[in-house]
Protein chains: 2
Amino acid sequence: MAPRKAVAQELTREAIIDAARGLFQEKGYQNLSMRQIAQTLQYSHGALYYHFKNKAELFYAIVKQDFSLLDDTLDQILSRQLEPSEKLRRVLLGFIEFGLTHRSHYEIMFLIRDKEIQEFVDDGPSHSYEKFAKAVQSLSKNRLGIQTIWSLFLALHGFVTHYCRNQQSYEEVRSMAEYHVEFLLKGLLHE
Amino acid sequence: MAPRKAVAQELTREAIIDAARGLFQEKGYQNLSMRQIAQTLQYSHGALYYHFKNKAELFYAIVKQDFSLLDDTLDQILSRQLEPSEKLRRVLLGFIEFGLTHRSHYEIMFLIRDKEIQEFVDDGPSHSYEKFAKAVQSLSKNRLGIQTIWSLFLALHGFVTHYCRNQQSYEEVRSMAEYHVEFLLKGLLHE
DNA sequence: TATTTAATTAACCATCGTTCAATTAACTTG
DNA sequence: CAAGTTAATTGAACGATGGTTAATTAAATA
């Protein structure tokens with residue numbers, strides 16, 4: 001009744017995740033169907049259920065990758081040999097760059113609101129924020145209070161959110177991002 | 001075949017809009033059905049189509065009201081008898097208060113990404129931003145540049161966005177909002 | 001009473017998540 | 001290399017839900 005595809009390469013979890021991530025970002029969780037994902041991959045929708053139990057599990061697999069990617073990005077900046085003030089600048093800029101380079105990751109992590117999804121995400125976002133906050137605090141030699149760091153985060157978040165929504169790349173807004181970071185650092189000097 | 005309801009009060013465009021606004025904010029455009037709106041109103045879904053051509057038209061009617069509401073909020077603050085620096089503080093705080101008090105408006109205006117919707121919205125958001133930017137510029141006696149004002153907006157936007165997503169009211173986060181505004185004003189002093 | 005207005009409900013067609021029997025490509029074993 | 005086995009894929013089918021339309025009818029109005 002159904003011929004199996006002559007596979008050049010078999011469908012893998014990774015291939016599905018990679019295709020689905022961009023699509024989820026573009027359309028949102030509810031507005032992207034398993035059938036659309038399958039169509040993008042040129043496979044039947046049934047094939048997806050061989051690799052993932054259901055839509056939620058596929059989505060969760062993506063989110064999990066996303067959070068560890070931000071962690072890695074921050075770690076990489078922190079491990080460089082630079083002055084603390086320069087490191088701080090790069091952490092802030094790095095956060096924006098992460099958000100706009102991996103828009104789909106960022107949106108899934110910090111923007112999507114959906115009850116079915118919130119259950120999965122758990123404390124992923126707060127864990128990522130803690131990492132960011134601790135980095136900023138130590139780089140400022142403990143001069144910045146919790147509230148200030150939180151304001152800083154929200155200010156960066158606004159930048160990323162806006163340009164995520166506008167579908168613009170980091171390269172396109174780089175100079176504006178640098179300005180934004182300078183603007184925020186200026187305020188921090190006078191804490 | 002179908003008995004008409006013994007109406008205590010007839011369904012009106014306004015009643016539909018008022019009920020739908022909150023629901024759209026809560027669930028998003030795609031995830032809210034005409035049937036759900038009707039159920040909330042205790043009417044049949046067909047009744048909605050007597051008052052609105054379709055779902056998009058209903059949504060558009062809401063958005064149109066939203067933009068003018070933000071304009072009014074800003075106008076009201078600007079017309080008060082206060083020092084410019086205090087007015088500036090209140091404009092920033094007022095923007096946050098607007099966003100969190102009228103979450104549904106704000107989300108529809110600045111957060112929802114949806115092709116079907118973007119067509120309607122046109123230049124509503126940019127018009128609202130222009131109003132905000134001009135107010136800030138004049139209140140700072142033209143000391144703030146375009147880029148700085150834009151950064152300021154994005155920083156406020158991040159605050160509103162975050163707490164919109166978290167479903168928190170303005171009252172709940174008021175002191176944090178005040179801190180955020182102070183944080184931003186501090187940076188402005190040293191432009 | 002005749003007409004208009006405002007509502008109801010059934011029905012149509014599309015899409016979705018998910019399941020599952022059928023099918024076959026690829027691999028294993030003798 | 002043949003036969004059997006496993007793994008991967010297909011597509012039909014099920015039950016929900018959705019937007020929208022149209023026939024119908026009750027209430028209000030003239």
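It should be emphasised that the depicted structure is a prediction, and the values quoted were computed from it without experimental measurement. Chain naming here is simple, since letters A, B, ... match the order of the sequence lines and numbering starts at 1 in each.
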> Checking B:His105 now: which residues fulfil side chain to side chain donor-acceptor pair (under 3.5 Å) with it, not counting sequence neighbours?
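Residues passing side chain to side chain donor-acceptor pair (under 3.5 Å) with B:His105: B:Arg21, B:Asp66.
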> If a pair satisfies side chain to side chain donor-acceptor pair (under 3.5 Å) and one of its residues is in residues 74-88 of chain B, list it, with sequence neighbours excluded.
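For residues 74-88 of chain B: B:Asp75-B:Lys131, B:Glu86-B:Arg89, B:Glu86-B:Arg90.
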> To the nearest Å, how far apart are A:Leu48 CG and C:dC16 P?
13 Å
> Which nucleotide, C:dT8, D:dA7, D:dT10, lies nearest any side-chain atom of A:Tyr50?
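Closest nucleotide to the A:Tyr50 side chain: D:dA7.
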> Does A:Tyr49 have any side chain to side chain donor-acceptor pair (under 3.5 Å) partners at least two apart in sequence or in another chain, and if so, which?
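With neighbours one apart ignored, the set is empty.
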> Would you please name every residue forming a salt bridge (charged side-chain N to carboxylate O under 4.0 Å, His left out) with B:Glu130, sequence neighbours left out?
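Salt bridge (charged side-chain N to carboxylate O under 4.0 Å, His left out) list for B:Glu130, sorted by chain: empty.
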> Using atom NE2 of A:His45 as one end and atom P of C:dT18 as the other, report the distance to the nearest whole Å.
11 Å
> Less than 3.5 Å apart, which donor and acceptor atoms pair up between the side chains of residues 94-102 of chain A and the rest of the protein, not counting sequence neighbours?
{"unit_1": "A:Thr101", "atom_1": "OG1", "unit_2": "A:Glu97", "atom_2": "O", "d": "2.7"}
{"unit_1": "A:His102", "atom_1": "ND1", "unit_2": "A:Phe98", "atom_2": "O", "d": "3.4"}

> Closest approach to the side chain of A:Ala47, judged atom by atom: which nucleotide of D:dT9, C:dA7, D:dT20 is it?
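Taking heavy atoms from C-beta onward, the closest nucleotide is D:dT9.
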> Assign A:His51 to base, sugar-phosphate, or nothing according to its heavy-atom contacts below 4.0 angstrom with the strands shown.
sugar-phosphate
> Compare the minimum distances between each of D:dG19, D:dA13, D:dT10 and the side chain of B:Tyr49, then state the nucleotide with the smallest one.
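Comparing D:dG19, D:dA13, D:dT10 against the side chain of B:Tyr49, the answer is D:dG19.
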> Quick one: which protein N/O atoms are closer than 3.5 Å to N/O atoms of nucleotides 16-18 of chain D? Pair and distance per line, please.
{"unit_1": "D:dG18", "atom_1": "OP1", "unit_2": "B:Ser33", "atom_2": "OG", "d": "3.4"}
{"unit_1": "D:dG18", "atom_1": "OP1", "unit_2": "B:Gln36", "atom_2": "NE2", "d": "2.7"}

